[in-house]
Structure formats: structure tokens, C-alpha cells
Amino acid sequence: MNEFKLLIGGRLVDGATTMEVIDPATGEVFTHCPRASAAQAEEAIAAARAAFPDWSAMSWDARKARVLQIADALDAQADTLAPLLTREQGRPVFGAEFEVHEAARILRTFAGMTLADEVLHEDEAGQAIETRAPLGVVAAIAPWNFPLVLLANKLGPGLMAGNTMILKPAPTTPLTTLRLGEICASVLPAGVVNVITDQNDLGPLLTGHPHIAKVAFTGSTATGRKVMASGADTLKRLTLELGGNDAALVLDDADPAEVAQKIFNGAMFNAGQICAAIKRVYVPDALYDAVCNALALLAEATVVGNGLDLTTQMGPVQNRMQYDKLKGYLDDAHTRGKVIAGGKALDRPGYFIAPTIVRDIPDDARLVREEQFGPVLPVLRYRDLDDAVARINDSEYGLCGSVWSGDTARACAVARRINSGTVWVNKTLDINPSYPFRGVKQSGIGTELGRDGLEEYTQAKVINLARG
Ligand code: NAD
């Protein structure tokens, strides 16, 4: 009997089959978990559909109490969830603990919001109000870089707005999501949340299903396009949070050592596997050598190892496919640029890539144009600020970005010219669940987080009445 279970219709059940879960720090299978069949996915959708009338009719406060119970349980179980997350995801335990508590914070943030009717017009002749209704069954599909947080982003607003849900983690990080399913089973009425797992085969069933009202998807731009195409027949509501190629733009009045440390952290946390990580750095001529050298020193000093080891600062990348992809970017770095730190996969079991800094690399290198999603950072030189802004904006992506300067007003003026959903000034990776998070261009459609993120789980409806 497997210690992990799917959650379908309020019952914790075995999968039709099982699947292997690999520890990225060893490259070895460390456990097995259930894998759902298409028939079980259909059962989950039917259960969510059956649970919708009662859940959507429940008061806001009653739903809030349950969402808060899920948040409390996550916090209470952080000591066991965090090492499990490290085993399946690879990140050091301190970063895994952060994720568990952050998932709880996100749920609490949405539980603390309200969805009141808005009076659009009122006079003696009548009244027009806008009210918001839940959509129905929402499919939440997550990638492997932050399994709990990226599902909490969807679970919080989805449940608070009165929807029922199917959660599907990435095939390589199913375990903490299955534990979240156990928590949901103990707190929610049957069918309100269902958790299924797959090997990349059940996504299309969910995204094309006539009984799924909305798909909330986080993942790559390539898969996001497929999700959008698959939802076209039923005109599905979609939130797509996709890839990014975020630039850090250093202005000529910045302190090189100070910005190098912050930029390094923003590029290398979670071994660079963050949608909003810094993925390319633009530095003016005068500071170029100083920033490159400081970044290289930080890279060389980073302790890379198994995330369960408390001295580890950076873990492995999460899966074999990503590891192989990164080795391709390392080849590109050696061919097109000058590698000044790292530059190789580590010669040991597991998916370890040395934190790598690359300088003197042209704009058309793959490492600069594409989303590397790993600890390999290109540093580009610029002479003219307008030109640097144009080069940054010349990308199919537009998720986040950052501007670094001793003069905040000047940096803010430049930040307005970066074509991204979020631009940070003198900081990075400050993703606050109260603020809307969204990508422009091919980094996504719609909004996650913030009040707008809640409203995306509702259908707005105008009630327009005549008096007298
Ligand atoms: P992915 O697109 O390969 O997979 C994401 C999820 O989609 C997985 O659960 C997968 O099983 C599922 N899936 C696969 N094929 C599908 C299909 N045809 N239909 C529906 N679902 C399908 O992404 P990944 O490699 O797991 O994650 C890395 C990517 O996610 C990066 O591009 C990263 O930038 C992006 N990301 C974006 C954000 C954001 O908020 N914008 C956050 C984190 C990660």
C-alpha cells in the first residue's frame, strides 16, 4: 500500500497505477506515489461538479474558516512538509520551509479579502449593481519549481470565490501536493478539492473538458499555448502564468558590490528555477568589470549540495530534462561568451550545475534570448541607457524586471520603460500575495494574486433594476 493517496470525491484513494519519484540530489528513485488514470480524472471532475452547488452557496465566512484551517495545517506540518519538498524538489530545507509558510500566507491573504457588490448607479428611477458569481469547477495546473506556492495562488482565490477544484501537480513534484490533499480531505466537504497526479498525460483532459469552467495554469510558454488552444472549443476562462526572461538593469550610479550580491541572490535562489528570477543582467561600461568580478566571486563561494545538508546554499536542479537543457546552455555559454565562474555540471550523482557567470556574450546567444531556468547567468555590457532598455524589451517575454541605482527617482523613471508585469527597484523577487502578479506579451494572460487575482475566479454580472 502506498503512503501517498489521491483525493477524489472526499476519499483518499490509490491511483490506477503508481509512479516513481526521483530525488534530484541523487538522481535515484526514492519513493513511489499514485498515478491517476483518465477515468479517475473524470471521477474527480464529476465529484467537483457535484460539490459545487453547496460550496458556492456557503457563506463567505464559512468558506473563510475552512481556508484558514488549511493555512494553519500547512504551518503546523512545516517540519515534515519542508524536508519532503526538499527531497522531491531539491531546494535546501530553509527555502522549502519558506515555501510551506508562504503557501499558508497566500491562503490567509485571500481569506482576508471580500467580494462585495459594487453599486454602479443609483437614483429614484433604479439601481445597477455588479455582483460576482463563482465559475464552477476550476482546474489548477502547477509546474515543479514551487509546487505548493503555485497551487496556493490558485486554491486561495478559487475556494474563497466559491468554486470547486481539481489540483494537478507536475509529474516530478507530486508529493507535497498529495499531502496538501490530505489536509483538504480533513477540512473540506467531499469533492470541493480533488488532487490527481499524472505523467504529463492528464493536462489536456482537464483543459479541454466541457465541465471545467476555468483553467489556472502556471508553466512554460510552450505548454501555455497548448492550454489556450485546448480551451478554445469551450471558450474556457484562463489564467496563464508562463515563462520569463527577466532583466536586471544596473544604472551607472549603482554600487557594484552591493548590487552584485542582491542580483546574485535574485538570479540563483532555487538554483535559478523561478519564473521571476533574474535571467540576464545589463551593466554599463564603467561598472562592467567590477560587477562581473563580484558576481563570479559569489558564484565560486556558493556551497552546492544536497538540500537536506544544512550547510548547502544551492541544491540540484529539479529534474533530468532541465539538467540536460542546462548543459546545452553551458555549451552555448562557452562558445558564445566568456565563462568566469562555474561553467559545468558537477561530477557527482544528481542534477548539480555549478553556479555560472558568463560575460562578453552577444545579445543573440541562446542563453540571452531564451529562458534558461537555471543557475547560469549572462552579464551584458551597455554604453547607452536607451539602447539597453530597447535590448531588454526586445524579447517575447515580459514577466518581471529590476532596475538598480543609487537614485530611486531616476530608477523609477527607467522602471516605467521596462515592458513587464512587475518591475522592482533596488530589490527583486518580492512577490506579495496582496499585489497583482501578471506577465505581458508571451509571459502570460490574466492576473494571479491580489484583488484582481481573486476576481479572475468569478463571473461579473450586472443586475439592473427599475424602481416604482
Ligand atoms: P511545463 O509547462 O512543462 O509544465 C507545467 C504543468 O503543465 C505540469 O503540471 C505539466 O504536467 C502540465 N502539462 C504538460 N503538458 C500539458 C498540456 N498539454 N496541457 C495541460 N497541462 C500540461 O512547465 P515546467 O517545466 O513544469 O515549469 C517551468 C516553467 O514554468 C518555466 O517556463 C517557468 O518560467 C514557468 N513558471 C511561470 C511562473 C509564473 O508565475 N509566470 C511561475 C513558475 C514557473
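Order of listing sets the numbers, starting from 1, for every ligand and every atom in it.
Close approach to Asn145 involves these atoms of ligand 1, each under 4.0 Å from a residue heavy atom: 43 (C), 44 (C). Each of the following atoms of ligand 1 lies closer than 4.0 Å to a heavy atom of Thr223: 1 (P), 2 (O), 3 (O), 13 (N), 14 (C), 15 (N), 16 (C), 17 (C), 22 (C). The Thr218 neighbourhood of ligand 1 comprises atoms 5 (C), 36 (N), 37 (C), 38 (C), 39 (C), 40 (O), 42 (C), 43 (C), 44 (C), with distances under 4.0 Å to a heavy atom of that residue. Of all atoms in ligand 1, numbered sequentially from 1 with element shown, those under 4.0 Å from a heavy atom of Leu399 are 41 (N).
Minimum heavy-atom separation, Leu135 to Glu456: CD1-O, 3.8 Å. The minimum heavy-atom distance linking Thr207 with Lys236 is given by the pair O-CE, 3.0 Å.
Checking side-chain atoms of Glu99 against main-chain N and O of Leu148 turns up a donor-acceptor pair under 3.5 Å. The backbone N or O of Ala133 sits nowhere less than 3.5 Å from a side-chain atom of Gln459 that would complete a donor-acceptor pair. Trp55 contributes a side-chain N or O that, together with a main-chain N or O of Leu159, makes up a donor-acceptor pair within less than 3.5 Å.
Using a cutoff of 4.0 Å between basic side-chain nitrogens and carboxylate oxygens, Arg35 and Asp201 are scored as salt-bridged. The pair Glu448-Lys154 meets the salt-bridge criterion, since a charged nitrogen lies less than 4.0 angstrom from a carboxylate oxygen.
Contact annotation for Leu206 and ligand 1: no heavy atom of the residue comes within less than 4.0 Å of the ligand.
Classification of the Tyr351-Tyr323 ring pair by plane angle, with boundaries at 30° and 60°, yields tilted.
The shortest separation from a heavy atom of Pro169 to ligand 1 is under 4.0 Å, placing the residue in contact. Residue-ligand proximity: Phe437 is placed with a non-hydrogen atom under 4.0 Å from ligand 1. Distances shorter than 4.0 angstrom occur between a heavy atom of Pro171 and an atom of ligand 1. Look at Gly439 and you'll find every heavy atom at least 4.0 Å from all atoms of ligand 1.
Residue-to-ligand polar distances keep Val227 apart from ligand 1: every N/O pair is separated by 3.5 Å or more. For ligand 1, one of its N or O atoms has an N or O atom of Glu371 under 3.5 Å away. Of the polar atoms of Lys168, at least one N or O is found under 3.5 Å from an N or O of ligand 1, judged by distance alone. At least one N or O atom of Trp144, backbone or side chain, sits closer than 3.5 Å to an N or O atom of ligand 1. In terms of polar-atom proximity, defined here as any N/O pair under 3.5 Å, Ser220 does make such a contact with ligand 1.
When only non-hydrogen protein atoms are considered, atom 40 (O) of ligand 1 lies nearest to Glu241 CB, 3.3 Å. Closest to atom 36 (N) of ligand 1, if we only count protein heavy atoms, is Cys275 CB, 3.5 Å. In this structure, atom 18 (N) of ligand 1 lies nearest to the protein heavy atom Pro204 CG, 3.7 Å. Looking at atom 12 (C) of ligand 1, its nearest protein heavy atom turns out to be Ile141 CG2, 3.7 Å. Phe373 CE1, 3.3 Å is the protein heavy atom nearest to atom 33 (C) of ligand 1. Counting protein heavy atoms only, atom 35 (C) of ligand 1 is closest to Gly219 O, 3.1 Å. In terms of protein heavy-atom proximity, atom 7 (O) of ligand 1 is nearest to Phe217 CE1, 3.2 Å. Asn200 OD1, 3.5 Å is the protein heavy atom nearest to atom 14 (C) of ligand 1.
In this structure, Arg87 is positioned above the aromatic face of Phe30, its NZ or CZ under 6.0 Å from the six-membered ring centre and within 45° of the axis.
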- [ ] I would like to know whether Asn153 and Phe437 meet side-chain contact (heavy atoms from CB on, under 4.5 Å); could you show each step before the answer?
- [x] CA-CA 10 Å; Asn153 286 352; Phe437 187 79; over 6 Å; no

TODO: Apply the test salt bridge (Lys or Arg N to Asp or Glu O under 4.0 Å) to residues Arg369 and Asp394: give CA-CA distance (whole Å), side-chain angles for both, the deciding distance (0.1 Å), then the verdict.
DONE: CA-CA 9 Å; Arg369 302 271 338 148; Asp394 177 24; 3.5 Å; yes

Task: side-chain contact (heavy atoms from CB on, under 4.5 Å) assessment of Ile357 paired with Met268 - done: CA-CA 11 Å; Ile357 306 296; Met268 299 290 175; 4.2 Å; yes

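Counting protein heavy atoms under 4.0 angstrom from atom 30 (O) of ligand 1 gives one or more.
For the atom pair CD (Glu20) and CD (Glu28), the distance works out to 10.5 Å, reported to the nearest 0.5 Å.
For atom 8 (C) of ligand 1, the nearest non-hydrogen atom from the set Ala142, Pro143, Gly203 comes from Ala142. Considering each of Asn270, Leu242, Asn153, the one bringing a non-hydrogen atom nearest atom 37 (C) of ligand 1 is Leu242.
Atom CZ of Arg108 has more than 12 heavy atoms from other residues, nucleotides or ligands within 6.0 Å.
Between the side chains of Arg225 and Gln442, a donor-acceptor pair is found at a separation under 3.5 Å.
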